[in-house]
Amino acid sequence: MHDLLIRGGTVVTASGPRKLGIFVDDGLITSLSTDEIDSNEAKKIIDAEGMIVVPGGIEPHAHIGGPRQPERSGAEVVSKAALLGGTTTVMDFATQIPGHDLYHALEEAEERWSGNAYTDYAYHPILTNGADEDSISQIKQLTKEGIASFKIFTTSIRPPSPQMQNNHTDFGRLGTIMEQVSDSGSILLVHSEDDEMVHYNYDRLKETDEWEWWNMHRVHTKQSEDVSFRRVSRLAELKKCPIYFVHVSAKEGVEEVSRCRAQGLPIYGETLHNYACFTFQDYRSKNGMKYHTYPSLKGEEDRDSLWGGLMEGSLSTIATDLVSTTWEEKIKFRTVADVTGGHNGIETRMGVAYTEGVVKRGMSLERFVDITSTNAAKILGLYPRKGVIAPGSDADITIIDPTVDKDLSLDDLHLEDYSIWEGYRVKGWPKSVVLRGNISVLEGELLSKPSQGEFLPRCISSEVLEGPVC
Ligand SMILES: [Zn+2]
């Protein structure tokens with residue numbers, strides 16, 4: 001007798017949506033069946049009649065709080081909200097701090113997550129400003145140990161302040177980092193903006209006394225994204241380094257990713273669901289800094305371009321760039337120089353992508369699965385263990401109720417005390433979630449514990465590293 005059967009639902013596999021039964025044993029999917037399935041064949045049954053059954057969501061971009069970021073929500077709170085929103089894997093960062101190496105950063109990340117995880121998890125180490133040769137040379141060893149992605153910033157993002165560590169990597173050092181990444185078989189995540197342009201823009205706005213937060217898109221501009229993406233992709237081409245551009249925000253970014261991919265370069269782009277749904281006009285509303293995530297919201301044409309990229313394929317993933325804080329913390333800083341970045345929307349990512357993509361824009365269910373799960377699994381080295389409903393894969397499964405049609409309220413959500421999605425009308429919402437065969441959320445009710453999540457070692461396939469496969 002099987003451990004679990006999910007039956008009657010429309011299951012989205014790599015070959016498309018189809019009515020299938022899913023059998024699960026020992027945490028893995030063991031078989032998919034088209035036959036009428038008898039309830040005697042499994043110890044537990046989930047009836048998914050009328051539901052859309054997809055691989056558990058993979059959040060590729062979340063910043064989890066720890067002792068050095070006490071204002072941010074920690075792994076337990078964030079992974080619980082993720083799970084309730086249909087996400088079964090969360091990828092955090094392990095930020096290097098000056099004077100310490102990457103292993104130290106990974107130990108800090110493990111302390112945040114171990115025993116506090118409702119979801120499975122992994123981390124991308126971030127190399128800090130002025131990273132030394134020793135740290136850079138750890139990339140190869142770490143890749144062998146299952147840490148398959150690293151992140152750098154091409155800008156310090158903000159004027160110097162004690163609030164924010166400087167993680168700016170100069171282009172000289174970036175070349176060396178790219179060589180290491182390329183040789184090791186990992187991928188480089190890049191927060192790509194032109195540092196000089198960003199800081200010049202800060203200076204200009206200071207001089208003209210336009211320091212309010214709603215000018216943020218005039219600091220972190222479209223042109224800065226344009227110039228920086230081209231510079232990074234050119235260096236990556238020279239160094240044969242695969243790149244994953246995090247939070248693409250502008251039409252120019254989408255176009256550069258698309259241009260590189262057309263040439264066969266292993267360049268991938270991520271956007272965020274708040275970037276795809278709001279514009280810099282929203283900064284003008286009362287406490288409109290609540291919408292802000294670095295680099296910045298852009299305009300109408302950018303929002304359209306981001307959706308274009310998600311629909312036709314030049315963007316691969318939709319992420320959150322999660323930083324969860326209280327409302328008080330989020331609206332405390334009110335100038336372009338210090339607004340709190342990050343987006344506490346990890347729980348809304350799947351439901352918003354479904355509503356905006358599938359329901360409003362006619363995105364196929366396969367493409368919805370690609371941008372919310374499969375592509376992150378492939379690009380970041382979790383596939384085929386994660387990101388697909390197929391025999392042999394982990395039984396991470398999200399069941400979406402397509403009949404849900406309601407305005408989201410704070411009562412529907414489980415992170416801190418505000419949400420930019422309050423009042424947003426969702427059409428379709430995750431209802432039940434299975435993580436490695438464990439029924440973790442059933443009809444919206446949380447059944448699992450924070451000891452459930454496991455650390456995931458990763459290995460990226462050579463096809464992903466050689467050309468744009470997804
Ligand atoms: Zn981020």
Side-chain angles (χ1 to χ4, degrees), residues 58-66 68-69 71-75 78-79 81-82 87 89-97 105 108-109 112-113 121-129 149-158 163-169 187-193 195 198 216 219-220 224-225 228-229 232 243-250 253 268-276 278 289-298 306 315-325 329-330 333 338-349 376 379-380 415-416 420:
I58 298 176
E59 167 64 79
H61 190 155
H63 301 268
I64 305 300
R68 285 192 302 102
Q69 306 89 7
E71 73 285 1
R72 297 179 180 177
S73 308
V78 173
S79 62
T87 288
T89 295
V90 176
M91 303 185 77
D92 185 12
F93 294 87
T95 308
Q96 184 182 15
I97 50 176
E108 283 192 333
R112 292 197 291 275
W113 278 96
Y121 57 94
Y123 349 97
H124 319 283
I126 295 176
L127 289 137
T128 191
N129 178 254
S149 52
F150 299 84
K151 182 179 179 188
I152 64 95
F153 295 75
T154 59
T155 176
S156 58
I157 303 175
R158 295 211 296 222
Q163 261 177 272
M164 194 184 239
Q165 179 180 311
N166 179 0
N167 289 327
H168 170 218
T169 290
I187 194 165
L188 191 64
L189 279 56
V190 182
H191 174 128
S192 186
E193 295 185 84
D195 193 56
V198 164
M216 195 58 102
V219 176
H220 300 273
S224 159
E225 181 161 319
S228 182
F229 272 44
V232 168
I243 298 292
Y244 176 86
F245 282 109
V246 294
H247 49 51
V248 178
S249 67
Y268 300 91
E270 163 199 282
T271 192
L272 311 177
H273 61 300
N274 66 333
Y275 281 179
F278 297 97
M289 75 286 288
K290 69 180 177 181
Y291 298 106
H292 179 63
T293 294
Y294 291 94
S296 74
L297 294 167
K298 303 295 194 295
L306 295 175
L315 294 179
S316 301
T317 60
I318 190 160
T320 302
D321 200 351
L322 175 119
V323 175
S324 174
T325 67
E329 185 70 31
K330 184 70 182 175
F333 301 103
D338 60 7
V339 166
T340 302
H343 168 202
N344 72 354
I346 201 165
E347 192 171 3
T348 56
R349 187 182 68 103
I379 298 164
L380 300 168
L415 266 177
E416 293 290 3
I420 60 172

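Atoms within a ligand are numbered from 1 in the order they appear, just like the ligands themselves.
Counting only protein N, O or S atoms, 3 lie closer than 2.8 Å to the Zn ion (ligand 1).
Partners of Tyr268 by ring-ring contact (aromatic ring centres under 6.0 Å, His included), not counting sequence neighbours: none found. Residues passing the side-chain hydrogen bond (donor to acceptor under 3.5 Å, both in side chains) test with Ser296, sequence neighbours excluded: Lys298. Under the rule for a salt bridge (Lys or Arg N to Asp or Glu O under 4.0 Å), the partners of Arg349 that lie at least two apart in sequence or sit in another chain are Glu59.
Aromatic ring orientation, His124 versus Phe93: tilted (interplanar angle from 30° to 60°). Relative ring orientation between His292 and Tyr294 is described as perpendicular, the plane-to-plane angle rising above 60° on a 0-90° scale split at 30° and 60°.
Under the 3.5 Å distance criterion, the side-chain polar atoms of His343 are left unmatched by any main-chain donor or acceptor of His273.
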